Amino acid sequence: MKYVNTAIWKHEKPIDEEEERAYMSVLKSLLNADEYLLDTIWYKIDDYTHVSVGIYKSKTAYGDFLEANATQREFAAGDRKITMISEHKGSAYALHSEVD
């Protein structure tokens, strides 16, 4: 069953969408994210706040990715001045694309 992680992030400076897309591209290859994730969605709440929605292949894949993800989050907080406000996670029990 797919596993979902949603987090809200606060930026110290206004969000630059092009810069964020470029950063996501680096993360995708550097962290070998395709091995664990089906998709990640980042969207803006306002100019200083974004949400990330990670859809993992399974709870096991999420667990296997935790160490790499923690390292990336430390970098984001220190170097990029982006900190997590809240986080929610759990196993998906229904997906629109998989029901009749």
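Note that the structure is predicted; figures quoted are calculated from it, not measured.
Every side-chain contact (heavy atoms from CB on, under 4.5 Å) that Glu35 has, sequence neighbours left out, goes to Asn32. Applying the side-chain contact (heavy atoms from CB on, under 4.5 Å) criterion to Asp16, with sequence neighbours excluded, gives Glu18, Glu19. Listed by chain and residue number, Tyr62 satisfy the ring-ring contact (aromatic ring centres under 6.0 Å, His included) test with Tyr3 (two or more places apart in sequence, or in another chain). Ala68 pairs by the side-chain contact (heavy atoms from CB on, under 4.5 Å) definition with Leu31, Phe65, not counting sequence neighbours.
Hydrophobic clustering, with ILVMFWY side chains joined whenever heavy atoms are under 4.5 angstrom apart, groups Tyr36 together with Leu66. Val51 and Tyr48 are not part of a single hydrophobic cluster, where members link through side-chain heavy atoms under 4.5 Å apart. Ile8 and Tyr43 end up in the same hydrophobic cluster when Ile, Leu, Val, Met, Phe, Trp and Tyr side chains are linked at under 4.5 Å. When hydrophobic clusters are built by joining Ile, Leu, Val, Met, Phe, Trp and Tyr residues whose side-chain heavy atoms come closer than 4.5 Å, directly or via intermediates, Ile85 is grouped together with Val53.
In this structure, CE on Met1 lies 11.0 Å from OG on Ser58, to the nearest 0.5 angstrom. Of the inter-residue distances, the one linking Trp9 atom CH2 with Arg80 atom CZ reads 11.0 Å to the nearest 0.5 angstrom. The line from CH2 of Trp42 to CE of Met24 is 4.5 Å long, rounded to the nearest 0.5 Å. Thr6 contributes atom OG1, which lies 9.0 Å from atom CD of Glu87 (distance to the nearest 0.5 angstrom). From Asp79, atom CG reaches atom CD1 of Ile82 across 9.5 Å, with rounding to the nearest 0.5 Å. Taking CG of Leu30 as the start and OH of Tyr23 as the end, the distance is 9.0 Å to the nearest 0.5 Å.
For Ser25 (side chain) and Arg21 (main-chain N/O), no donor-acceptor pair under 3.5 Å exists by modelled atom type.
Pairs passing the salt bridge (charged side-chain N to carboxylate O under 4.0 Å, His left out) check and including a residue from residues 53-64, sequence neighbours excluded, do not occur. Applying the salt bridge (charged side-chain N to carboxylate O under 4.0 Å, His left out) test to pairs two or more places apart or on separate chains, those with a residue in residues 42-51 are Glu17-Lys44, Lys44-Asp47.
Only one option out of Glu12, Arg73, Lys10 pairs with Thr83 in a side chain to side chain contact (heavy atoms under 4.5 Å, CB included); it is Lys10.
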Exercise for the section: Could you give me the CA-CA distance, side-chain angles and deciding distance for His11 and His50, then say whether side-chain contact (heavy atoms from CB on, under 4.5 Å) is met? Expected result: CA-CA 8 Å; His11 294 241; His50 91 268; 2.7 Å; yes

